[in-house]
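To keep things clear, I will list the structure first and then write my remarks on it.
In what follows, every heavy atom counts, from backbone to side chain, and hydrogens, waters and symmetry copies are set aside.
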Amino acid sequence: MNENTTLQNKSTYNMRNAMVNYYLLVMFTFFELFLTHQYAKARTDKFILFIVLSSVLIVSVVAISLTYYLDKNAPQKSKVVECVPIFKLSITDIAVLSFFLCAVITTLISDYKLDSLLGKAGRDNGLVLIALYTATYFIISRFFYLKNYVFAAFLVFGSIISLLAVLHFFYIDPLGIMVGYSQEVIEDFGTTIGNKNTIASYMCIFLPVAMMMFVVYKEHAMKILSAFAIAFAYCGLLVAGSNSGYIGLFAMLFFMILVCVRKAEYMRNFMLALTIMLSSGVALRLFSLLFKDKSKGFEKIGEKLVYSKAVFVIILVCAIITFFLYYLKEKEYIKNKWPKNILTVIVISIGAVILGICAYTFYYYTFVDKTTDIGQLSQIFRFDDRWGTHRGFMWIKGMEEFFKFDFFHQLFGSGCDTFYHVFEPHFAELSARFHNSSTNCIHSEYLNYLITQGYLGLLSYLFIIFATVIRAFKISKENRLVLVFVLPVIAYSAQAVVNIYQPITTPFFFIFISLCECLSRKSNPVNKLD
């Protein structure tokens, strides 16, 4: 980057860029901790706060833009030289607009228009929230300008959230936000984020950011912050106790390896980050022993990752590989003969084999052998109405109701976040068999979007994700910062297969979609680490 370009880039930082950074700073700090009355209104609190913060951002940026473009007496140098082409639409832009348009149409044709507008029959994911996601997406993707303090704050406050999750897991409530609640609620909730599914969803945003920042950042301060954040985030994921979090974790690790094997520097940092992450699980084990295992109890996968002796072997192997890569750091062989193509093929092949084995096992025990007792594995590999804490029942019955829709409603759905009304005929059976009187979501973001916003709404949503990921990987060679932003998109999208959207963590997903889009726009040289 030459001197003239650098000076021009500095001159482009203006009030709109500042407003985006302030917005992100508040979302990454105050928003995460905000509660008005313990857990009683956590989701509503976040919903209202997101509306307020996003409205302030939208109004401010629009007002500043009008000032810039209508003030004819302002000297030309004060006119903004845009960092990105504001009005040029990318494929991701079109997908976001299509998703919003589908939400508008389904609200207009819905039998539950008010619920579709506000999302009050579900998890508040109505047209209002989708409209705000759309507006903030276009603002952030046009006016984001990298300032490290924003993400340093995210690492610090995310670590605080993770620490609270760990403390609550051991029945330590330093903020007194569980006082007066029943034991059942205390077992299910933790931190200021919400229940275990929401905590896992948050960790699938926070952990990938911390991991990839450790890999691509060169500043020592940011690396140290990232290292601590990795340890806290992984512990937070383990104590969340939701299998959806492990789906996001495995997706994150696969894509990290796929990216990092392409470059020796990244691979060194990744192996060290992996060593730190797994070692923090051992530290959590020691913490558990300190409290004589008086805790909410780990899920099966979490228990293996914390207590299994095999974890020590994996940590040792990771440490040895890390030492080897750092020892050879300055060797010409590593610099010039790093076998990136061979390693990429190996990683993809291993991933394909593992996925194939899992797919075959799932097929076999679901369609061929439906009777053999496979214990806890039935929760994963045998799909029936009890699968996934009776998600199978909701998926099967929910899809039965969807196929009863007429063609037009299959295209656009029943109305934003109105699954409660669709599934109401099955509440009696749900209560009799699983002791849940009702449900307002199908416990899969994708199926929820299919039923409530139809084929076109779901396709638009999928296009947002795929376009974001593909475009991010295309520019990752020239702008490594995009890897920090795209990894949480991947991890969140993976866990969303069996998890739910809500106004607590889903806003972060759309924020990182927006950040990826900003960096993917060709004429955006300022948002780089180098």
Side-chain angles (χ1 to χ4, degrees), residues 154-156 158-170 172 199-200 202-217 220-242 245-246 248-257 259-261 265-293 295-327 329 484 487-488 491:
F154 185 44
L155 294 176
V156 171
S159 297
I160 293 172
I161 294 295
S162 303
L163 178 59
L164 284 174
V166 172
L167 292 175
H168 284 186
F169 182 73
F170 292 103
I172 302 170
I199 296 170
Y202 176 80
M203 296 307 162
C204 285
I205 295 285
F206 179 50
L207 178 58
V209 171
M211 288 283 284
M212 194 54 82
M213 284 185 71
F214 187 87
V215 169
V216 304
Y217 265 77
H220 293 305
M222 295 299 283
K223 271 198 176 299
I224 293 171
L225 273 178
S226 300
F228 279 103
I230 289 168
F232 281 115
Y234 183 62
C235 290
L237 183 66
L238 291 173
V239 301
S242 175
Y246 299 118
L249 173 67
F250 297 141
M252 176 199 78
L253 291 176
F254 175 74
F255 280 96
M256 280 197 79
I257 296 172
V259 168
C260 293
V261 295
E265 176 194 358
Y266 289 176
M267 198 62 193
R268 286 195 300 269
N269 294 337
F270 169 70
M271 292 308 302
L272 180 55
L274 188 60
T275 304
I276 293 170
M277 186 187 84
L278 294 174
S279 298
S280 68
V282 175
L284 186 63
R285 178 182 184 179
L286 296 175
F287 200 71
S288 180
L289 291 174
L290 180 66
F291 285 90
K292 299 179 180 180
D293 293 327
S295 66
K296 298 178 181 179
F298 294 98
E299 294 291 329
K300 289 296 181 181
I301 298 177
E303 186 178 3
K304 294 293 184 184
L305 291 173
V306 173
Y307 291 105
S308 174
K309 294 179 180 178
V311 175
F312 288 96
V313 177
I314 297 172
I315 292 172
L316 180 61
V317 171
C318 290
I320 292 172
I321 295 174
T322 301
F323 175 80
F324 176 75
L325 291 174
Y326 273 90
Y327 176 74
K329 181 177 179 181
V484 176
L487 194 62

I need the [X] [atom1] to [Y] [atom2] distance, nearest 0.5 Å.
X      : Y      : atom1 : atom2 : answer
Phe206 : Phe154 : CZ    : CZ    : 6.0 Å
Met212 : Cys260 : CE    : SG    : 5.0 Å
Ser159 : Leu225 : OG    : CG    : 7.5 Å
Ser295 : Leu284 : OG    : CG    : 8.5 Å
Leu316 : Ser279 : CG    : OG    : 10.0 Å
Leu272 : Lys223 : CG    : NZ    : 8.0 Å

When you compare the side chain of [Y] with that of [X], does any pair of heavy atoms fall below 4.5 Å?
X      : Y      : value
Phe214 : Val484 : no
Phe255 : Pro208 : no
Leu249 : Met277 : yes
Cys204 : Met252 : no

Derivation of the side-chain contact (heavy atoms from CB on, under 4.5 Å) call for Leu238 and Tyr246: CA-CA 9 Å; Leu238 291 173; Tyr246 299 118; 4.0 Å; yes

Shortest non-hydrogen contact from [X] to [Y]?
X      : Y      : result
Ser226 : Leu155 : OG-CD1, 3.6 Å
Phe312 : Arg285 : CE1-NH1, 3.1 Å
Leu237 : Ala200 : CD1-O, 4.3 Å
Pro488 : Val209 : CG-CG2, 3.7 Å
Ser280 : Tyr234 : OG-CD2, 3.2 Å
Val166 : Cys235 : CG2-CB, 3.8 Å

With sequence neighbours excluded, residues passing ring-ring contact (aromatic ring centres under 6.0 Å, His included) with Phe170: Phe287, Phe291

Between Thr322 (side chain only) and Met271 (backbone N and O only), is there a donor and an acceptor less than 3.5 Å apart? yes

Take Glu299 and Ser242, measure what side-chain contact (heavy atoms from CB on, under 4.5 Å) needs, and give me the verdict at the end. CA-CA 7 Å; Glu299 294 291 329; Ser242 175; over 6 Å; no

Could you walk me through whether Phe270 and Met211 pass the side-chain contact (heavy atoms from CB on, under 4.5 Å) test, one step at a time? CA-CA 8 Å; Phe270 169 70; Met211 288 283 284; 4.3 Å; yes

Hey, is CZ on Phe228 packed in by over 12 heavy atoms from elsewhere, all under 6.0 Å? no

I'd like to know whether Met256 forms a side-chain contact (heavy atoms from CB on, under 4.5 Å) with Leu487, so could you lay out the CA-CA distance, the side-chain angles of the two residues, the decisive distance to 0.1 Å, and finally the verdict. CA-CA 8 Å; Met256 280 197 79; Leu487 194 62; 3.4 Å; yes

